[in-house]
Amino acid sequence: MTEFSARTRAANLERMRKESFDVLVVGGGIVGAGVARDAACRGFATALVDRGDFASGTSGKTSRLVHGGLRYLRNYRFGLVRRAVRERDLLLRNAPGLVHPLPFLIPVYADHGPGRTALRFGLLLYDLLSKEKTLPRRSWLSAREAREREPRIADRGLAAAGLYYDAWTDDARLVLAIVQDASDAGAIVANHVQVEGLVQNGGRVAGANVRDAIAGESFMVSSRSVVNATGVWLDRFRSDRPTPTIRPTKGIHIFVPRAKIGNRHALALTAKRDGRVVFVLPWRNLALVGTTDTDFRGDPDRVVPDAADVAYLLETVNDAFPDSHLGPDDIVSAYAGLRPLLRKGREEKSESEISRDHAIFEDPDGLLSVTGGKLTTHRAMAEDVGGLLALRLRRTGSSTTRDRPLGPPMAPLDEFTDLGFDEETALHLQGRYAPEQVRRSLGAPSARERILPSTPHPWAEVDIAINEEMAMTLADVLVRRLGLFYEAPDQGVPAAAMVAERMGGVLGWDSQRTEAEVRSYEDLVRAHQGFRVDHGG
Ligand SMILES: Cc1cc2nc3c(=O)[nH]c(=O)nc-3n(C[C@H](O)[C@H](O)[C@H](O)COP(=O)(O)OP(=O)(O)OC[C@H]3O[C@@H](n4cnc5c(N)ncnc54)[C@H](O)[C@@H]3O)c2cc1C
């Protein structure tokens, strides 16, 4: 059994106390996970901690796209798009269970959105930038062909549509797979461990003081180098800086029933209000709609969707699909994330124009900070950091992640139906887990039964989350391992107590802890429903 559990975590914390590392990575979002994986694969003694769960920051709140960023071609960012397209193609090849091709339709209207010629040229270029040709080529559709593919799309002024390919993923599970692969490569990892401050020796960073949020214990981790991959929290460790490194922008998403919109494909719509791109992505029987992009000056620890954000997305979808009549009551769930974008110079730029490039900063005490980029480009960012670490540590060895498989294989569907699951559940499990992993969890009570009748998540998934995915809290399971927070009616609250009971049985929670977990989950859901109250609903 590939154990990756509370026990693994406890053993890892013990090693963090006792051993000395080459690299301590702070932050278990996609960037920190990627850096830990790159470093461990180079043979460096590596430790990784996150103060919350893996992917509990921005990396679990994305549009779930692995993409080159077609829209950056408008700003002539050919190098940026080429790098992202290359990383997309590598992920499609190396992580077939986690990253899947996704056809996109971009409608062209007479009175708004991209012009026909510009879009045709952009799509041609986008195809050319993919040297690997992993995905099918673009095609161009007449208005009639576009309507055949998307019968409920707005008709008035529809001139044509472009069809092109990118890819989708489950962001939190992608991060988890990277963390697990880092661990397989030798990294010592733990979630729910906060770095409270850096430790210095002779003016150089020599480790960090950390606090285990589960046990409430503090200790020191010794390390020859520290990588700060804390996303929008980056500046908290970088002292003596006249201006912040990061200019966060907020982006929200909503999940709504797909039948209400009636979209068959993924679409890149243009918001009439400001010309921005809004994605509508199929997510089983739901549609994921996002995103907004607004300057954020609040507390990054408290970022939730508000009524104005939600209204903008609803308005854009209702314009593009006039029969959908979506309102706030149709929303299954909503979430918000902060982009850790680099502040460049002092000039004010609009949110969508701020650089999506990444950067590595080296402070006089040796602290390396890495930020910017995208979910898609994490590996390339990590490779750059790994190269710099090799120089500083005077170690040889190049990055090996370019051709390294990631995540479970895409096993045939019947390997899951043969385990006794109905087809919908089997489809859900395929890609998320290897069949043998599911088989290992079938001995537990009601393993094959659904947690909630309307979503295809069997109880076996909760056991896998606890035993093989280091889920430590109820939110770890419901938000990031299973996603019931996003997909289930009432955001999974009706199942919260049962799931907490099951977790408590394995993790040794007393009734007080079990109740506290349920309350804390309910609070989280309530905080993400604020937009309904703002609406007067
Ligand atoms: C709305 C939105 C949509 C997006 N959509 C896409 C997309 O579809 N495709 C794409 O490629 N990119 C997308 N991005 C960009 C991408 O999500 C980010 O660039 C990326 O997730 C940033 O990862 P990160 O690891 O730097 O930050 P984070 O994921 O925020 O990770 C930082 C981690 O550091 C931890 N941390 C903070 N302080 C401490 C501490 N003191 N001790 C220990 N840990 C600490 C946090 O808990 C957090 O988990 C999107 C971004 C947003 C906001």
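Counting begins at 1 with the first residue of the sequence. Here the structure is a predicted model, which means the values were calculated and not measured. In listed order, ligands and their atoms are each counted from 1.
Salt-bridge formation is detected for the pair Asp293/Arg339: a Lys NZ or Arg NE/NH1/NH2 atom is positioned less than 4.0 Å from an Asp or Glu carboxylate oxygen. Ionic pairing of Asp319 and Arg273 is not present here: no N-O contact between side-chain nitrogen and carboxylate oxygen is shorter than 4.0 angstrom. Checked for salt-bridge contact, Glu217 and Arg17 meet the test: a charged N lies under 4.0 Å from a carboxylate O. The pair Asp22-Arg224 meets the salt-bridge criterion, with a side-chain N (NZ, NE, NH1 or NH2) lying under 4.0 Å from an Asp/Glu carboxylate O.
Below 4.0 Å from some heavy atom of Gly251 lie the following atoms of ligand 1, by number and element: 1 (C). Contact atoms of ligand 1 toward Gly373: 19 (O) (distance under 4.0 Å to a heavy atom of the residue). Ligand-side atoms of ligand 1 in range of Leu65: 7 (C), 8 (O), 9 (N), 10 (C), 11 (O), range being under 4.0 angstrom from any heavy atom. Each of the following atoms of ligand 1 lies closer than 4.0 Å to a heavy atom of Thr291: 1 (C). Of all atoms in ligand 1, numbered sequentially from 1 with element shown, those under 4.0 Å from a heavy atom of Arg64 are 8 (O). Atom numbering of ligand 1 starts at 1 in the shown order; those under 4.0 Å from a heavy atom of Gln194 are 42 (N). Residue contact check: Gly231 has heavy atoms under 4.0 Å from atoms 26 (O), 27 (O), 32 (C) of ligand 1.
Under the 3.5 Å distance criterion, with hydrogens and angles disregarded, a donor-acceptor pair is assigned to the side chains of Ser63 and His253. Under the 3.5 Å distance criterion, with hydrogens and angles disregarded, a donor-acceptor pair is assigned to the side chains of Asp365 and Gln200. Judged by distance alone, the side chains of Glu469 and Gln180 never bring a donor and an acceptor atom under 3.5 Å apart. Tyr312 and Asp274 share a side-chain donor-acceptor pair at under 3.5 Å.
The closest protein non-hydrogen atom to atom 10 (C) of ligand 1 is Leu375 CB, 3.3 Å. Atom 31 (O) of ligand 1 has its closest protein heavy atom at Gly29 CA, 3.4 Å. Among protein heavy atoms, atom 42 (N) of ligand 1 sits closest to Val195 N, 2.9 Å. The protein atom (non-hydrogen) at minimum distance from atom 38 (N) of ligand 1 is Thr230 CG2, 3.6 Å. Nearest non-hydrogen protein atom to atom 18 (C) of ligand 1 is Thr58 CG2, 4.0 Å. Nearest protein heavy-atom neighbour of atom 43 (C) of ligand 1: Arg51 N, 3.2 Å. Of all protein heavy atoms, the one closest to atom 5 (N) of ligand 1 is Ser63 N, 3.0 Å. Nearest protein heavy-atom contact of atom 51 (C) of ligand 1 is Arg339 CG, 3.7 Å.
Ligand 1 has no N or O atom lying under 3.5 Å from any N or O atom of Gly337, backbone or side chain. Backbone and side-chain nitrogen or oxygen atoms of His253 are examined, and none is located within less than 3.5 angstrom of a nitrogen or oxygen of ligand 1. Ligand 1 has a nitrogen or oxygen under 3.5 angstrom from a nitrogen or oxygen of Ser59. Among the atoms of Asp50, some N or O lies under 3.5 angstrom from an N or O of ligand 1. For Gly28, no nitrogen or oxygen atom sits less than 3.5 Å from a nitrogen or oxygen atom of ligand 1, counting backbone and side chain alike. For a threshold of 3.5 Å applied to N or O pairs, the pair formed by Val31 and ligand 1 contains at least one separation below that value. The shortest N or O to N or O distance between Val193 and ligand 1 is not below 3.5 Å. The shortest N/O to N/O separation between Phe237 and ligand 1 does not fall below 3.5 Å. Taking only nitrogen or oxygen atoms, main chain and side chain alike, Thr371 does not reach within less than 3.5 Å of ligand 1.
Within the 4.0 Å heavy-atom shell around ligand 1 one does not find Arg236. Heavy atoms of Leu338 come nearer than 4.0 angstrom to ligand 1 in at least one pair.
For Arg526 and Phe531, the positive end is not near the middle of the six-membered ring at less than 6.0 Å and at most 45° from its axis. Judged by the 6.0 Å and 45° rule, Arg481 forms no cation-pi pair with Phe4. With a 6.0 Å cutoff to the six-membered ring centre and a 45° limit on the axis angle, Arg238 counts as a cation-pi contact of Phe361. Seen from the ring of Trp283, Arg258 does not count as a face-on cation partner, given the 6.0 Å and 45° thresholds.
Distance check, rounded to the nearest 0.5 Å: CZ of Arg42 to OG1 of Thr401 gives 8.0 Å.
Taking 4.5 Å as the limit, some side-chain heavy atom of Leu406 sits within range of a side-chain heavy atom of Arg37. Proximity of Phe21 to Met16: side-chain heavy atoms (C-beta onward) are separated by under 4.5 Å at one or more points.
Taking both residues in full, the closest heavy atoms of Asp50 and Gly52 are given as OD1-N, 2.7 Å, listed atom of the first, atom of the second, then distance.
Under 4.0 angstrom from ligand 1, the non-hydrogen atoms of Lys61 all belong to its backbone. Only the backbone of Ala229 comes within 4.0 Å of ligand 1, judged by heavy-atom distances.
Selection from Thr376, Val26, Thr62, Thr169 by nearest heavy atom to atom 11 (O) of ligand 1 gives Thr376.
Taking the six-membered ring for Trp and the full ring otherwise, Phe104 and Tyr165 have centroids separated by 6.0 Å or more.
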